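Structure first, then comments.
Order of the sequence lines sets the chain letters (A, B, ...), proteins ahead of strands, with each chain counted from 1. Nothing here was measured: the structure is a model prediction, and the numbers come from that model. Basis for what follows: all heavy atoms, side chains included, without hydrogens, waters or symmetry-related copies.
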Number of protein chains: 2
Amino acid sequence: MISLVTDKEKISPRVIERLTRYLRCLENLSPDDYISSEEMAERMGLTAAQIRKDLSNFISDFGEGFGVRGKGYQVRILYSGIEKILGVHKTNNIIIIGAGRLGGALLAEPEFTKESFNVIGVFDVAEYKVGKEVNGIKIRHTSEIEYFLNTKDRVDIAILTVPKGVAQDIATTLIKAGVKSFLNFAPLKLEVPEDVVVSNIDLYGKLQELNYWKEKVNQW
Amino acid sequence: MISLVTDKEKISPRVIERLTRYLRCLENLSPDDYISSEEMAERMGLTAAQIRKDLSNFISDFGEGFGVRGKGYQVRILYSGIEKILGVHKTNNIIIIGAGRLGGALLAEPEFTKESFNVIGVFDVAEYKVGKEVNGIKIRHTSEIEYFLNTKDRVDIAILTVPKGVAQDIATTLIKAGVKSFLNFAPLKLEVPEDVVVSNIDLYGKLQELNYWKEKVNQW
DNA sequence: TAGATTGTTAATCGATTAACAATC
DNA sequence: TAGATTGTTAATCGATTAACAATC
């Protein structure tokens, strides 16, 4: 199979973030249609040059660029190409630690039920939750995590929606059991070995940022 | 009162995002202690130069920079200074639209109960939820939003945790009623007038990004 | 073929880092 | 005073934009 990256150049996080936004832009369009970088730029509030530059970092399964000169990008090809780059064309197994808080909400999100991400386990410390089901998945006690990881399918991503105070301990346990990537909602920097990836979402922080911008709009 | 911004220079979103992280770093430290940019950088995985540069964009209430040459930054002064820059030293009123999904979870988050953000209303379309309480706040029907906005306190931020399909309509209604800023969890670009600020959180997108990085780690 | 739009190179812009004089 | 660390300027690095030759 042809590699999706043209060369050994590192792709910047900015580019990857925009790829996910390109998917959002494309998902409502007819797969057979062509869309120009100009049209996409218009819809997304970006420049056409940036979109073309971003996409030029990769090559399609068919060997060359995603676009067709004079026509634009075919929605189907671009969409599935980006899915492949992101690795979301295949199923990725997820566990959620912390069923009470955000965890439960995430499980209920239709987006999270999409084919590419498959929640295979939910854990919590609260005894009264253990045994109950959320969206068809039984909540297990946190102490079972290690056993679970050793006996079940590969876990690709662990989502941490636990209180700040226990996040580091739980992460450490999971890493010992072989988990290599985390989506962390606890507002602290997890200390992890360098072969482990952590992506942080600080909801309260986002709210604080927005609070700054709302005061500044139209001030300049 | 002395302005917190030294001049008319625009502050970049990157800087503001880091300010919220500086708060996380500081909140566990003794207010009377001093911390150097070097120490902060170490804890956060940044460079000391960047922290000093970021902070040099602003001046404290006492007229000059936040730091003391030879000593560092006093935790108390820096923390409350950043709070003031972000406008989170005062109470900001929030409404949440969409009680079922993320909305309920956010309400339950202890972080969101902090003094600076005060949830004054929760709305949903589902009749069976209307009238119930989440965290002491009565859920109202979406159709009451306009009336609510006209009769209640000023609403500083609206959090949208509604399905993609209705997000734009609801946002438009809210804007007509005077809401000027949104934290939007629906995965689409809201069309808003230029005096309205929108901050987007795409949780599924974040998961997709992480999925890319987990495959790439240690590859270079 | 003529028109349109990509892929790519070069120019610009902005953000990070390094270095150091100012000063506590 | 000597040591430490800020605040700031200049140098570097990286990301965005502009421009255009390639080509469908």
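Residue order along DNA chain C, read from the 5' end via each residue's closest nucleotide, puts A:Lys53 first among A:Arg14 and A:Lys53. Toward the 5′ end of DNA chain D lies the nearest nucleotide of B:Arg69, the other residue of the pair B:Arg69 and A:Ser12 mapping further downstream.
Every pair passing salt bridge (Lys or Arg N to Asp or Glu O under 4.0 Å) that includes a residue from residues 166-181 of chain B is listed here, sequence neighbours excluded: B:Lys180-B:Asp195. Residues in residues 68-77 of chain B take part in these side chain to side chain donor-acceptor pair (under 3.5 Å) pairs, two or more places apart or across chains: B:Asp32-B:Arg76.
Scanning residues 18-31 of chain A for heavy-atom distances under 4.0 Å to DNA chain C yields an empty list. Residues from residues 32-52 of chain A with heavy atoms under 4.0 angstrom of DNA chain D, sorted by number: A:Thr47, A:Ala49, A:Gln50, A:Arg52.
Partner of A:Leu86 under the side chain to side chain contact (heavy atoms under 4.5 Å, CB included) criterion, out of B:Gln208, B:Glu209, B:Glu215: B:Gln208 alone. Of the residues A:Leu190, A:Ile170, A:Val192, the one that meets the side chain to side chain contact (heavy atoms under 4.5 Å, CB included) test with A:Ile175 is A:Val192.
Partners of B:Lys206 by salt bridge (charged side-chain N to carboxylate O under 4.0 Å, His left out), not counting sequence neighbours: none found. The salt bridge (charged side-chain N to carboxylate O under 4.0 Å, His left out) test applied to B:Lys152 returns no partner, not counting sequence neighbours. Every side chain to side chain donor-acceptor pair (under 3.5 Å) that B:Ser116 has, sequence neighbours left out, goes to A:Tyr204. With sequence neighbours excluded, no residue satisfies ring-ring contact (aromatic ring centres under 6.0 Å, His included) with B:Phe185. For B:Glu27, the salt bridge (charged side-chain N to carboxylate O under 4.0 Å, His left out) test picks out A:Lys164, B:Lys114, with sequence neighbours left out. The salt bridge (charged side-chain N to carboxylate O under 4.0 Å, His left out) check on B:Glu39 picks up B:Arg43, with sequence neighbours excluded.
With a 4.5 Å cut-off on side-chain heavy atoms, B:Val162 and B:Asp124 do not count as touching. Residues B:Arg24 and A:Leu188 are not in side-chain contact: their nearest non-hydrogen atoms beyond the backbone lie 4.5 Å or more apart.
Close approach of DNA chain C to chain B, defined as any atom under 4.0 Å from a non-hydrogen atom of the protein, starts and stops at C:dA15 to C:dC24.
Stem regions annotated for DNA chain C: C:3-24 with D:3-24, counting only runs of 3 or more consecutive pairs of Watson-Crick or G-U type with both contacts under 3.5 Å.
Salt-bridge annotation for A:Arg154 and A:Asp156: present, with a side-chain N of the basic residue lying under 4.0 Å from a carboxylate O of the acidic one.
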